[in-house]
**Student:** 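First the structure, then my questions, so here it is.
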Amino acid sequence: MEIRNDIMERAEELHQNSLVIDAHLDLAGELYFRRQNKEVNPLREHYLKNLRAGGLNLVVSSVYLRDDQLPEGGLRAALDQISVLLEAIEQNDEEFCLIRDAEGMERAFSEGRIGILLYMEGLDCIGKDIRLLRILWELGVRGASLTWSRRNDLASGCCRADLQARISGGLSQEGIEAVKEMERLGMFLDVSHLNDDGLEEVLKIAKKPLIATHSNSRQVHFHYRNLSDRQMQNLAAQGGMMGLNGCDCIVGCTGGEDPLWMLCRHVEHEASVMGIDRVGLGLDFCDSYTEAEPKYPGIVRKHDCLIDHSHVPELTAALLQRGMSEEDVKKVIGENWAAYFRKVLPKSSFSA
Ligand SMILES: [Zn+2]
């Protein structure tokens, strides 16, 4: 898609003057690898400039565990990642802060610091030990998905990333208990990566709005990581949201399709099915993560449609150029997630 210069300028301006939120980034895991690789301040080196260029106000960092860290090393690996993330925020506290509650989020917005909200991508690290959720909460974890694409003690993932096959089976008894305990604590529940049976079950038992932090539309591109129109309607009906994933295989642009055009089609379709207030960003940038992974030393793979956060205004410009109003675009790039987190986060630490 060719973007007109005047629209690109308008988009850049919007990013500096409105809220911009990315609801999914494997930041904690990447920082952990980079610290292992003896980098001194990877958050500043690899992220600060691009986040500022994209005008980001809030990033939701996952704690994601690889198969080779499970099951025995899972809890330790998760704690290691949280520790490294907290250290990185402390090291750069003029620029970043950990968000524990809605008050802290508003403060970050008004001070111009980039908020980082911590959540678990899969609860493999607690096994069946639901009481450990409280410990995660105390550490600052404010949300979780029951599982990544794999099966664990709580639920089944939707598929193996390299294998397109439907996986059936709902939540275990402990999975149901985990949902209840998360709601009691005040954690949000992410359903990206959950299989279809699990999602149906969770929709029945959850009393608070669910979100799919980084999933797209199955109608626009068929992938089990994406949601059907019916699933999207169900999420919207109970106040949930979804975040636009920018990874090429989830977007559906590995066959030469224009990435910006495909991203816009997902946003527009989701907005038509769920309403414009239910759509946000969950870009899932992964090239920088894989570059840091020990198993791919120095190998740079290119899967991110938007390259890095500094390129997110291109998506904004593309949406504007295709006719979305400025008011609606602002909702998609940040206002919708801000409204959601205002509602679900504890008001202040005292009430937590
Ligand atoms: Zn994911």
Side-chain angles (χ1 to χ4, degrees), residues 21-33 59-70 74 77-78 81-82 85 116-125 141-152 154-165 167 187-196 198-199 202 210-218 221-227 231-232 235 240-254 263 266 270 280-293 295-296 301 303-306 308-309 337:
I21 298 178
D22 179 2
H24 189 90
L25 179 66
D26 295 327
L27 183 61
E30 178 181 340
L31 295 178
Y32 175 74
F33 288 139
V59 170
V60 182
S61 168
S62 74
V63 171
Y64 160 72
L65 302 174
R66 299 182 328 188
D67 289 344
D68 62 1
Q69 296 169 309
L70 295 167
Q81 285 187 30
I82 294 172
L85 182 74
I116 296 180
L117 190 54
L118 183 57
Y119 99 107
M120 311 299 293
E121 184 165 20
L123 284 169
D124 308 73
C125 72
V141 173
R142 289 296 176 263
S145 51
L146 294 174
T147 182
W148 184 69
S149 285
R150 55 176 90 91
R151 168 100 216 161
N152 66 15
L154 307 176
S156 267
C158 60
C159 60
R160 265 177 46 196
D162 57 339
L163 197 73
Q164 279 287 348
I167 292 177
M187 286 186 186
F188 63 82
L189 180 58
D190 177 16
V191 297
S192 284
H193 287 282
L194 190 60
N195 66 342
D196 290 349
L199 176 53
V202 157
L210 304 169
I211 52 177
T213 60
H214 58 306
S215 294
N216 294 343
S217 152
R218 220 178 259 188
H221 173 61
F222 187 86
H223 192 296
Y224 284 108
R225 277 280 289 99
N226 291 338
L227 301 182
Q231 290 170 329
M232 283 157 50
L235 271 194
M241 273 191 63
M242 65 192 288
L244 177 75
N245 192 310
C247 185
D248 59 2
C249 65
I250 311 285
V251 174
C253 56
T254 51
L263 286 166
H266 283 287
E270 289 162 20
L281 306 177
L283 295 164
D284 199 9
F285 284 112
C286 57
D287 293 339
S288 182
Y289 176 95
T290 45
E291 184 203 40
E293 266 189 297
K295 69 172 175 179
Y296 301 112
R301 299 188 304 170
H303 290 298
D304 295 328
C305 288
L306 290 171
D308 60 49
H309 287 100
W337 278 128

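The residues of the chain are indexed from 1 along the displayed sequence. Ligands are counted one by one from 1 in listed order, and the atoms in each one are counted from 1 as well.
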**Student:** Only counting residues at least two apart or in another chain, list the ones meeting salt bridge (charged side-chain N to carboxylate O under 4.0 Å, His left out) with Asp196.
**Tutor:** Arg166, Arg218
**Student:** Determine how many protein N/O/S atoms sit closer than 2.8 Å to the Zn ion (ligand 1), leaving waters out since they are not shown.
**Tutor:** 3
**Student:** Any idea how Phe222 and Tyr224 line up, ring-wise: parallel (<30°), tilted (30 to 60°), or perpendicular (>60°)?
**Tutor:**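 The arrangement is perpendicular - the two ring planes meet at more than 60°.
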**Student:** Go through it in stages, so that I can follow the logic: the residues are Arg66 and Glu293, the test is side-chain contact (heavy atoms from CB on, under 4.5 Å), and I'd like the CA-CA distance, side-chain angles, deciding distance and then a yes or no.
**Tutor:** CA-CA 10 Å; Arg66 299 182 328 188; Glu293 266 189 297; 3.1 Å; yes
**Student:** Suppose we screen for side chain to side chain donor-acceptor pair (under 3.5 Å). Which residues come up paired with Asp22, at least two apart in sequence or across chains?
**Tutor:**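 Side chain to side chain donor-acceptor pair (under 3.5 Å) list for Asp22, sorted by chain: His309.
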**Student:** For residues Ser288 and Glu30, report the shortest heavy-atom separation together with the two atoms involved.
**Tutor:** OG-OE2, 2.6 Å
**Student:** Kindly write out the residues that satisfy side chain to side chain donor-acceptor pair (under 3.5 Å) with Tyr119, not counting sequence neighbours, or none if the list is empty.
**Tutor:**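 Once residues adjacent in sequence are excluded, the partners of Tyr119 under the side chain to side chain donor-acceptor pair (under 3.5 Å) criterion are His24, Asp190, Thr213.
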